[in-house]
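Step one of this worksheet: look at the structure below.
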Amino acid sequence: MPKRSNYLLPTLREAPADAEALSHKLMVRAGLIRQLGSGLYTYLPAGYRSIKRTEAIIREEMDAIGAHEMLMPVIQPIELWRRTGRDTISELFRLSDRKGAEMVLAMTHEENLTFHIAAEVRSYRELPLLLYHLQTKGRDEPRPRAGVLRTREFTMKDAYSFDRDEAGLEASYARNMAAYERIFDRAGLRWYKVESDVGMMGGSGAHEYMAPCPAGENEIALAPDYAANVEIASARAVRVELPPELDAPHEQPTPALTTVSDVAQALGVPTGALIKAMPVVVEGRGMVLALVRGDHRLNEIKLRNRLGADFRPAHREEIEAEFGPVGFIGPVGLDAKMPILLDEAIRPGCYVSGANKLDTHLIGVHPGRDFSFEPADIRCVEAGDLTAAGHPIVIEPAIEIGNIFKLGTRYSAPLGATFLDENGVEKPIVMGSYGIGPARIVAASIEQFADQIGISWPRALAPFDVHLVGLGKPGDPVSAAAEAAYLELTAAGLEVLYDDRANAGAGEKLTDAELLGCPLRLTIGKRGLAEGVAEARTRRDGADASLSLDGLGAAALARLDGVA
RNA sequence: CGGGGUGUAGCGCAGCCUGGUAGCGCGUUUCGUUUGGGACGAAAAGGUCCUCGGUUCGAAUCCGGGCACCCCGACCA
């Protein structure tokens, strides 16, 4: 176990100027990481200890569900990626070897493993399989950020399941889910499992594991009976007060009023009484008009999923050709020209919409009567919306610490991973993939539990169980007692960092211990030595106690047992 | 890829507008005094001022190109 006097733990009194997120600042200040380049971080010894502890938990729980660890290369021939069509992903790092052959740095390992499974697995008798590895991933992120939270190179635990059918996949999925819940619980995190978009992984279903924290780059919608990424979340909108019914739409002059809030204010109606019209162009299909309530935002992921195709916002010229002046467009009269999707939050009633005429809106527009539409759920949920059971939703920022995907045959089909069933029929293997980012677990833990004075580790992730602070000078009895304590703690099986520095003051050592945030700090000083005790302070609750130097190892272990 | 910002000693920053031998705090080294919350005194080391070019007698400073890094947005298996 290390002594601080010859351990690389460069703590800083101030955070580097370019750090913004709390976990980033603290990891640098506590001497856990240093930056090499944008999105590229070195783990110094103490930081790497936490990473390894996290990885150990992951290994134990993956092994416990019968997954088998292996190891696959980071550098791969691009050919495999061509076969799955992932060679065009812009985040893919590309390189070439001395012969000019094109290679990539793997961003995940579906191609790699499926390639082997295709070659080695022939029969239903060999399935199911569940394999994983912990390996470096490369991603040419457009924007790395927040220290270790979003980097261009990082280690990921990725597991892959291979089953003969959907039912098998469901079972594999459930096993991984159970392992994940144990992993995040053991790591001491606050976390949620949320429904998520399948994104570019493809496949039929996905969940994300989210750790709420201020630096999170995702938003999750939460209620007692609900948890989903806002990318796909659905809820009942808060009702709005609508203007009185009219027999037919009436034109209303709205000179130069092009925004929802301006129009609402001028007409004396809530913004929710307006219909916001967003024309989009679907590749190869033409224009579609998406309508959401004036106080809502269009959810592009939900709209894409609903359309089943990518789309782009219509250009100004396209809008002017089909509708009228930008800022005054609406659905009335357009239902013959293009499909209209009306968000479900727009309840029956009379609304205000653009009149497709300069400086003019329509009041008394009744969907269904004044234009035809298809109902759709295409808006972003908002805080205060209600779940099916009537609970209000809150929205929290969170960091994605793990995800699980039902891949189906997304990779097995293009890579020819098939098997013969009992009837001799060749079928594609049904796959799932399951990822966890150990560095994000570490950073999320710091985000969730740090306080004014520094990190506050859960015991499971702390670089050391005990931070032993010796306040004596070389050669004095205090120093000798600290050295003895160090030996005894180590012998008791504790992971201990001993601050034996002769050139650091008491305040410096104690402050450093608080910054690094190990669960138990033991101080050996003149004061305690006179009583034959070490002074113990637990980091999470700040509680002090005196532990007899005689039998210190057992006493420290007992003290730690009371800590998270 | 759009917008904003930064680059000067290990870290944090000033100096730049108005060109004239590069500074402050912390840290580091040595000596002494201290020794339970970053202590005091004395001495010292440490910088191609991101880079390339231009203007000028003279450039950290003015002008132009490039690079790197950070923040917001887009993007994010």
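Predicted, not measured: the structure shown is a model, and the values here were computed from it. Below, all heavy atoms of this structure are taken into account, side chains as well, without hydrogens, waters or symmetry copies. Below, read A as the first sequence line, B as the second, and so on, with proteins coming before strands; counting in each chain starts at 1.
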* Structure fact -> 5'-most contact on RNA chain B (nearest-nucleotide basis), A/S90 vs A/A146, goes to A/A146

* **SB check A/R152 A/E91 (cutoff 4.0 Å)** => no

* Rounded distance in Å between the C1' positions of B/U6 and B/A14 -> 15 Å

* Quote, to the nearest angstrom, the C1' distance that separates B/C69 from B/U30. => 37 Å

* Asked: Between A/D500 and A/K3, is there a salt bridge with N-O shorter than 4.0 Å?
  -> no

* Mind calculating the distance between CG (A/L510) and P (B/U35) to the nearest angstrom? => 16 Å

* **Euclidean distance, atom NZ of residue A/K509 to atom P of B/G36 [Å, nearest integer]** => 11 Å

* **Beyond-backbone contact of A/M62 with A/K157, side-chain heavy atoms, under 4.5 angstrom** => yes

* **Pairwise P distance, B/U33 and B/U51 [rounded to whole Å]** => 45 Å

* To do: Return the value, rounded to whole Å, for the distance between atom CG of A/D544 and atom C1' of B/G37.
  => 13 Å

* Gap between atoms CG and C1', on A/D512 and B/G27 respectively (whole Å) -> 13 Å

* To do: For A/G505, report the nucleic acid contact type (base, sugar-phosphate, nothing); a contact means any heavy atom under 4.0 Å.
  => nothing

* **Check: B/C76 base within 3.5 Å donor-acceptor of A/R150 side chain** => yes

* Is there a Watson-Crick or G-U wobble partner for B/U33 with both distances under 3.5 Å, and which nucleotide is it? -> B/A39

* To do: Can you tell me, in whole Å, how much space there is between the C1' of B/U35 and that of B/A22?
  => 37 Å

* Whom does B/C17 pair with, Watson-Crick or G-U wobble, provided both distances fall under 3.5 Å? -> none

* Looking at the side chain of A/P16, which of B/C75, B/G36, B/G12 is the nearest nucleotide? -> B/G12

* If only atom types and distance count, is the side chain of A/R312 paired as donor or acceptor with the main-chain N or O of A/V282 below 3.5 Å? -> no

* Can you tell me how far C1' in B/C63 sits from the matching atom in B/U56, rounded to whole Å? -> 12 Å

* Between A/R537 and A/E300, which is nearer to the 5' end of RNA chain B once each is assigned its nearest nucleotide? -> A/R537

* Structure fact -> When both distances are under 3.5 Å in a Watson-Crick or G-U wobble arrangement, the nucleotide paired with B/C1 is B/G73

* **Partner nucleotide, any strand, of B/U56 [Watson-Crick/G-U, under 3.5 Å]** => none

* Asked: Expressed in angstrom and rounded to an integer, what is the separation of A/L40 atom CG from B/C70 atom P?
  -> 9 Å

* Asked: Closest to the A/R527 side chain: B/C75, B/C70, B/G36?
  -> B/G36

* Looking only at N and O atoms, is any donor in the side chain of A/E535 or the base of B/G36 less than 3.5 Å from an acceptor on the other one? -> yes

* **Side-chain donor/acceptor of A/E14 to base of B/G27, under 3.5 Å** => no

* Which nucleotide sits closest to the side chain of A/A506: B/C69, B/G27, B/G37? -> B/G37

* Asked: If we take the P atom in both B/A9 and B/C49, what is their distance in whole Å?
  -> 10 Å

* Structure fact -> Of B/G37, B/C71, B/C69, the nucleotide closest to the side chain of A/S38 is B/C69

* Does any donor-acceptor pair link the side chain of A/R521 with the base of B/G37 at a separation under 3.5 Å? -> yes

* To do: Determine which nucleotide pairs with B/C67, using a 3.5 Å limit on both distances of a Watson-Crick or G-U wobble pair.
  => B/G7

* Asked: Rounding to a whole Å, what distance do you find between A/D476:CG and B/G36:P?
  -> 12 Å

* **Span that lies between the C1' atom of B/G23 and that of B/U8, in whole angstrom** => 10 Å

* Asked: With sugar-phosphate meaning primed atoms plus P, OP1 and OP2, does A/K137 contact a base, only sugar-phosphate, or nothing at under 4.0 Å between heavy atoms?
  -> nothing

* To do: Please state the P separation for the pair B/C11 and B/G2 - nearest whole angstrom.
  => 31 Å

* Structure fact -> B/C24 -> Watson-Crick or G-U wobble partner, both distances under 3.5 Å, gives B/G12

* Asked: Using a cut-off of 4.0 Å on non-hydrogen atoms, how would the nucleic acid contact of A/G470 be classed: base, sugar-phosphate, or nothing?
  -> nothing

* Give A/E400 one of three labels, base, sugar-phosphate or nothing, depending on what nucleic acid heavy atoms sit under 4.0 Å from its own. => nothing

* **Spacing between A/E217 atom CD and B/A74 atom C1', to the nearest angstrom** => 13 Å

* Side-chain (A/K276) to main-chain (A/H296) donor-acceptor, under 3.5 angstrom -> yes

* To do: Check the distance between B/C71's C1' and A/E20's CD and give it to me in whole angstrom.
  => 6 Å

* Structure fact -> Paired to B/A45 by Watson-Crick or G-U wobble criteria (both distances under 3.5 Å) is none

* A/E208 side-chain N/O to A/E400 backbone N/O, donor-acceptor pair under 3.5 Å -> no

* So among A/V194, A/L189, A/I399, which one has a side chain to side chain contact (heavy atoms under 4.5 Å, CB included) with A/M210? -> A/V194

* To do: Please check the phosphate of B/G36 (OP1 and OP2 only) for any side-chain N or O of A/T523 closer than 4.0 Å.
  => no

* Indicate, with a heavy-atom threshold strictly under 4.0 Å, whether A/L12 touches base, sugar-phosphate, or nothing. => nothing

* Can you check whether A/V430's main-chain N or O pairs, donor with acceptor, with A/K406's side chain at less than 3.5 Å? -> no

